[in-house]
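Just below is one structure, and these are the notes that go with it.
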Amino acid sequence: MSDTPAPQSDESTHPHATDLESLVGEWLTVPDAAERIGVSLSHVRQLIADREVLAARIGERRVTAVPAKFFDETGPRPELRGTFTVLADGGMGDDEIIAWLYTPDATLPVEGAPIDAMLAGYKTEIRRRAQELAF
């Protein structure tokens with residue numbers, strides 16, 4: 001007997017997806033990322049598989065997308081990979097890592113979120129904070 005109603009939308013099955021999508025703001029789909037850095041779609045997929053960048057499923061169609069700040073003009077920002085590793089070793093999943101990097105923190109040396117501090121040159125400070133989360 002199936003009296004259970006079917007989910008109305010992806011938000012009901014993935015409530016954090018919409019929050020993550022709005023927290024990050026600017027996302028690049030795989031084709032958009034490939035165009036931005038001038039590489040093939042398969043290269044962008046390989047960057048995701050190699051954890052050079054992290055991706056999440058966003059939007060109504062649940063497309064794979066990468067936060068735009070994870071790339072500069074030439075490709076993935078190199079300072080991010082080690083931070084991804086530290087946070088993952090601390091038990092965070094990809095969506096949680098993205099959320100942590102984009103959650104505003106008033107105690108940072110620059111205004112904004114850890115991603116903003118990292119891009120402003122505070123990689124060591126952000127990695128130190130990430131390591132603290134693991135313990």
Side-chain angles (χ1 to χ4, degrees):
M1 185 168 185
S2 179
D3 291 333
T4 307
Q8 306 260 319
S9 70
D10 282 339
E11 288 180 32
S12 61
T13 55
H14 302 285
H16 74 283
T18 314
D19 296 339
L20 185 63
E21 189 174 343
S22 60
L23 182 64
V24 170
E26 186 183 359
W27 293 85
L28 297 173
T29 62
V30 171
D32 292 339
E35 184 177 328
R36 177 179 277 193
I37 63 172
V39 298
S40 67
L41 297 176
S42 62
H43 185 77
V44 173
R45 288 187 192 101
Q46 191 62 51
L47 291 172
I48 294 167
D50 291 344
R51 298 183 59 77
E52 295 284 334
V53 294
L54 300 180
R57 298 250 178 207
I58 64 165
E60 188 176 304
R61 292 181 30 229
R62 311 269 306 135
V63 298
T64 300
V66 177
K69 289 183 180 180
F70 286 3
F71 290 103
D72 63 17
E73 322 66 60
T74 62
R77 295 182 182 274
E79 62 268 36
L80 292 172
R81 187 173 188 176
T83 304
F84 297 156
T85 301
V86 169
L87 291 167
D89 288 350
M92 285 188 175
D94 290 358
D95 286 1
E96 293 170 307
I97 292 170
I98 294 169
W100 184 82
L101 284 168
Y102 277 85
T103 299
D105 182 344
T107 68
L108 291 170
V110 298
E111 187 176 336
I115 187 74
D116 301 310
M118 185 167 264
L119 301 182
Y122 293 95
K123 175 180 81 172
T124 304
E125 171 68 12
I126 298 308
R127 289 226 182 124
R128 183 188 61 75
R129 290 176 184 227
Q131 287 173 334
E132 288 175 359
L133 291 175
F135 299 101

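Positions are given from 1 along the sequence. Since we're looking at a predicted model, the values are computed, not measured. Any value given below was found using the heavy atoms of this structure, including those in side chains, with hydrogens, waters and symmetry copies removed.
Here the side chain of Glu96 pairs a donor or acceptor atom with the backbone of Gly93 at under 3.5 angstrom. Looking at Trp27, its side chain never comes within 3.5 Å of a backbone N or O of Ile58 through a donor-acceptor pair. Side chain of Arg77 to main chain of Phe70: no donor-acceptor pair is present (N/O by atom type, distance under 3.5 Å, no hydrogens or angles). Under the 3.5 Å distance criterion, the side-chain polar atoms of Glu125 are left unmatched by any main-chain donor or acceptor of Pro109.
Of the inter-residue distances, the one linking Thr124 atom OG1 with Arg129 atom CZ reads 12.5 Å to the nearest 0.5 angstrom. The CG atom of Leu54 sits 5.5 Å away from atom CD1 of Ile97, with the distance rounded to the nearest 0.5 Å. Ile126 CD1 to Thr83 OG1: the interatomic distance, rounded to the nearest 0.5 Å, is 8.0 Å. Rounding to the nearest 0.5 Å places OG1 of Thr103 at 9.0 Å from CG of Leu20.
Between Asp95 and Arg57 there is no salt bridge, since none of the side-chain N atoms of the basic residue sits less than 4.0 Å from a carboxylate O of the acidic one.
Looking at every heavy atom in both residues, Pro31 comes nearest to Leu41 through CA-CD2, 3.3 Å. Across every non-hydrogen atom of Leu47 and Phe71, the tightest pair is CD1-CE2, 4.2 Å. The two residues Ala55 and Val66 make their nearest non-hydrogen contact at CB-CG2, 4.0 Å. In this structure, Val53 and Phe84 approach most closely via the heavy-atom pair CA-CE1, 3.7 Å. Here the shortest heavy-atom pairing between Leu28 and Ala33 reads CB-N, 4.0 Å.
Within the 4.5 Å cutoff, the side chain of Leu119 has heavy atoms near those of the Glu79 side chain. Side chains of Thr64 and Thr29 form no contact here, defined as non-hydrogen atoms less than 4.5 Å apart.
With sequence neighbours left out, the side chain to side chain contact (heavy atoms under 4.5 Å, CB included) criterion links Glu35 to no other residue. Not counting sequence neighbours, the partners of Glu26 by the salt bridge (charged side-chain N to carboxylate O under 4.0 Å, His left out) test are Arg36. By the side chain to side chain donor-acceptor pair (under 3.5 Å) test, Ser40 is found to be paired with Ser42, residues two or more places apart in sequence or in another chain being considered.
Criterion: ILVMFWY side-chain heavy atoms under 4.5 Å apart, direct or through other members. Under it, Val63 and Val30 are part of a common hydrophobic cluster.
Residue Val110 belongs to a hydrophobic cluster whose other members are Tyr122, with links defined by side-chain heavy atoms closer than 4.5 Å.
Applying the salt bridge (charged side-chain N to carboxylate O under 4.0 Å, His left out) test to every pair with at least one member in residues 39-52, sequence neighbours left out, gives these pairs: Arg51-Asp94, Glu52-Arg81.
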Donor-acceptor pairs under 3.5 Å, side chain of residues 111-118 to any protein atom, not counting sequence neighbours: which ones?
| unit_1 | atom_1 | unit_2 | atom_2 | d |
| --- | --- | --- | --- | --- |
| Asp116 | OD1 | Lys69 | NZ | 2.6 |
| Asp116 | OD2 | Ala113 | N | 2.9 |

Would you sort out whether Val44 and Val39 count as a side chain to side chain contact (heavy atoms under 4.5 Å, CB included), showing the intermediate values?
-> CA-CA 7 Å; Val44 173; Val39 298; 3.7 Å; yes

